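Heads up, the thing below is written out as structure tokens.
Everything quoted here is computed from the prediction, not taken from an experiment. Sequence lines set the chain letters: A, B, ... in the order given, protein chains first and strands last, and positions in each chain run from 1.
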There are 2 protein chains.
Amino acid sequence: MGPDRAATKRVTAVDVARSLGLSRATVGFVLNDTPGQTIPESTRQRVLNEAKRLGYHPHSAARALASGRSHIVLLVLPDWPLDYSMRTHLDEASATLDRAGYALVTMVPHPDGQAQPLWETLRPDVVMGMTPFSPREIADIRASGINHVLTPAQREGPLPGEEGLLFADGPRVQVEHLAAQGRRTLAFAAPADPRLAQLSAERSGLAARTATRMPGITWAGDWTIDEGSVATAVAEWLSAGVDGVVAYNDDVAARIVGHAVRTRLRVPDRLAVIGHDDTPLARLFVPALSTIRVDTAGLGRYLAELALSTVNQSAPPVATPEMQAHLVARETT
Amino acid sequence: MGPDRAATKRVTAVDVARSLGLSRATVGFVLNDTPGQTIPESTRQRVLNEAKRLGYHPHSAARALASGRSHIVLLVLPDWPLDYSMRTHLDEASATLDRAGYALVTMVPHPDGQAQPLWETLRPDVVMGMTPFSPREIADIRASGINHVLTPAQREGPLPGEEGLLFADGPRVQVEHLAAQGRRTLAFAAPADPRLAQLSAERSGLAARTATRMPGITWAGDWTIDEGSVATAVAEWLSAGVDGVVAYNDDVAARIVGHAVRTRLRVPDRLAVIGHDDTPLARLFVPALSTIRVDTAGLGRYLAELALSTVNQSAPPVATPEMQAHLVARETT
DNA sequence: ACATCGCACTTGCGCGCGCTAGTCGACTCA
DNA sequence: TGAGTCGACTAGCGCGCGCAAGTGCGATGT
């Protein structure tokens, strides 16, 4: 008779209470394990059973309104192309949060100014960023009533050293591996995509610092690699005596090695190349790319726990050593 | 004095109203453009300005509670590895929804039974799936009070032919291209990942149907390709006279071509291979992989519009021809 | 015998907003 | 002059839930 609204009459806590002859508050106390309430086990079970029987599901919007917490964690992803490893990373973070009753929502900032930033729409309890936010962004987020903003820069304070955890070790391992293979003059191969400029600069910086700290190693600087520039870069490397290349990621490495194969330049004899991320591409390429693997799942879990500790005002998780970068030596070094 | 709750006192519609000496209802009418209300332009502007000045942002949970719509679209992603193209797809869908005031949230079903399916936590207005839901899942979702569930299977009804839109054309184009190149005996190379089994079967089926419909073409069936089986498969193909391979995706194609290169089997002379998805891998590989490119951005937009038309009960969008699969012929065919 | 206390609950407010059902004065029309 | 209309608002309910502040009662203590 009524409009289609009646199509799915939701089951609310009132329904459960009425059907049991109890008050809604009691039902609420049971379902939330509200501390400071004494509920006999018998009642507890009755409520729980009836809730299940009727198919009761708490309404998140109402809960968020009343409690002030949405149980949502918003992760702002970088604008750069999502590499393969990121997916595992997110899956694991999501699963961990889920276990704690939180939902992970991801967003990519829209360059042309997103009409409604997701943190306004969703009102998450925490906003995390994989790259630092600008002060303006932080102000915006805070102004939307979000008290917890977590970015690498923020995290730097309370947890010294954790800042670069996500990517820190890779370039160091790359350089040390090349040096151990007997390479003496190293160059960094950067991607052309401007969105990656900052991260690439970070990786390159760390590689350079590692290299210059090692005796007998010469650091030859950065080259930007794209389809047009790869030939020039390789030529310059050869004439400059570069015998080892630290690539920003596997794509860049593949482009270099691909060019080498086409020009019959022997890899790794004349030029060793190591990538980063251990994408499927690295394993499949001919010759198979040496690269760096990071325990992205572990990192995802860590990230999630960090978010939880923030909302709960509890002690932050400790980073485990397994999260460091691991060398995957294949055919290009 | 009070607890840290006062840290960020939110600006509500009441604040805007009070500061203007108006009632909250008037403010609400202005901010929502509520139909059937006559608001003079002067008042409208006053409200709008004051809202901006005070930094008012509507509280989504409250709005969702009152209006019954969360303005969230939940997209359930397949469990399979996210290929490269998916990212653009999601970005575009997200942007389109955003423009309409909706937020796109994605989730991956957790095999070991997610504690809280995101559709219960989030109460989205629509749940969309990239792969069909099981009847049980649909019942679950419906039971959570969600009236709009959209999956390829569902969409089949109202929009005949649109069902396979997402992936439909690729295999056909692959087969036609190989045939046009003079290949006569074709095989399908399937991935080993069991999560991909269903989708792979669909692609393979369409390829087989296309092939058997063409005169002079022999369809040799499916081979599963992984690191261990690729050698056997290629050997069997050669002895069976297979001269063209339709690969499930670029990864599978790369594995085959990689093996061919290592065993000095000439590609494409002896064996032509075509991939699917046009990942970065395809362009970078040596030899560069022929593949299929799909306008994922367009598809994303289409998907978003489909969701919007569903919640608004309005006419569904029309699929544009640009969304079809495009051949990218490179060196392996 | 009376105050006290812990238990097992219930009453009811408030979260912020959408929206229906008004109110009230200015204006038109007969 | 009175009835009616219309524009510009306001009063206030209800969405479902969390939680503070009770309430009634039997058991315990002195």
* Closest-nucleotide ordering on DNA chain C, the 5'-leading residue of A:Q37 and A:R24 -> A:Q37
* To do: Report the distance from atom CZ of A:R69 to atom P of D:dG18, rounded to the nearest whole Å.
  => 13 Å
* State which of D:dG18, D:dC17, D:dA20 makes the closest approach to the side chain of A:S67. => D:dG18
* Asked: Which is the 5'-most and which the 3'-most nucleotide of DNA chain C that has an atom under 4.0 Å from a heavy atom of chain B?
  -> C:dG16 to C:dT20
* Asked: D:dC9 phosphate, OP1 or OP2: any side-chain N/O from B:S23 under 4.0 angstrom?
  -> no
* Give me the one residue out of A:L75, A:T106, A:V76 that meets side chain to side chain contact (heavy atoms under 4.5 Å, CB included) with A:M130. => A:L75
* Nearest-nucleotide comparison on DNA chain D, the residue closer to the 5′ end among B:A62 and B:G21 -> B:G21
* So, is B:T43 close to the D:dC9 phosphate, meaning a side-chain N or O under 4.0 Å from OP1 or OP2? -> yes
* Structure fact -> In whole angstroms, the gap separating P of D:dT10 from CZ of B:R18 amounts to 14 Å
* Within the structure shown, what part of the strands sits under 4.0 Å from A:A25 by heavy-atom distance: base, sugar-phosphate, or nothing? -> base
* Between the side chain of B:R142 and the main-chain N/O of B:N147, is any donor-acceptor distance below 3.5 Å? -> yes
* Any idea which heavy atoms bring A:L65 and B:A62 closest together, and the distance? -> CD1-CB, 3.6 Å
* Smallest separation among heavy atoms of B:A315 and B:S309, with atom names -> O-CB, 3.4 Å
* To do: Specify the residue among B:R46 and A:T26 whose closest nucleotide of DNA chain D lies further upstream toward the 5′ end.
  => B:R46
* To do: Keeping the roles fixed (side chain from A:R69, backbone from A:V311), state whether a donor-acceptor pair exists under 3.5 Å.
  => yes
* To do: Give the rounded distance in Å between these two atoms: CZ of A:F29 and P of D:dC17.
  => 14 Å
* To do: Could you tell me whether a side-chain N or O of B:D125 sits under 3.5 Å from a main-chain N or O of B:V73, the two making a donor and an acceptor?
  => no
* NA contact type, B:T12, heavy-atom cut-off 4.0 Å: base, sugar-phosphate, or nothing? -> sugar-phosphate
* **Between C1' of D:dG18 and CG of A:D33, the distance in whole Å** => 14 Å
* To do: Measure the spacing between CH2 of A:W119 and CG of A:D140 and express it to the nearest 0.5 Å.
  => 6.5 Å
* To do: To the nearest Å, give me how far apart CG (A:L65) and P (D:dG18) are.
  => 11 Å
* Asked: Tell me: NE2 of B:H59 to C1' of D:dC17, nearest whole Å?
  -> 13 Å
* What is the distance, rounded to the nearest whole Å, between atom CG of B:L20 and atom P of D:dA8? -> 16 Å
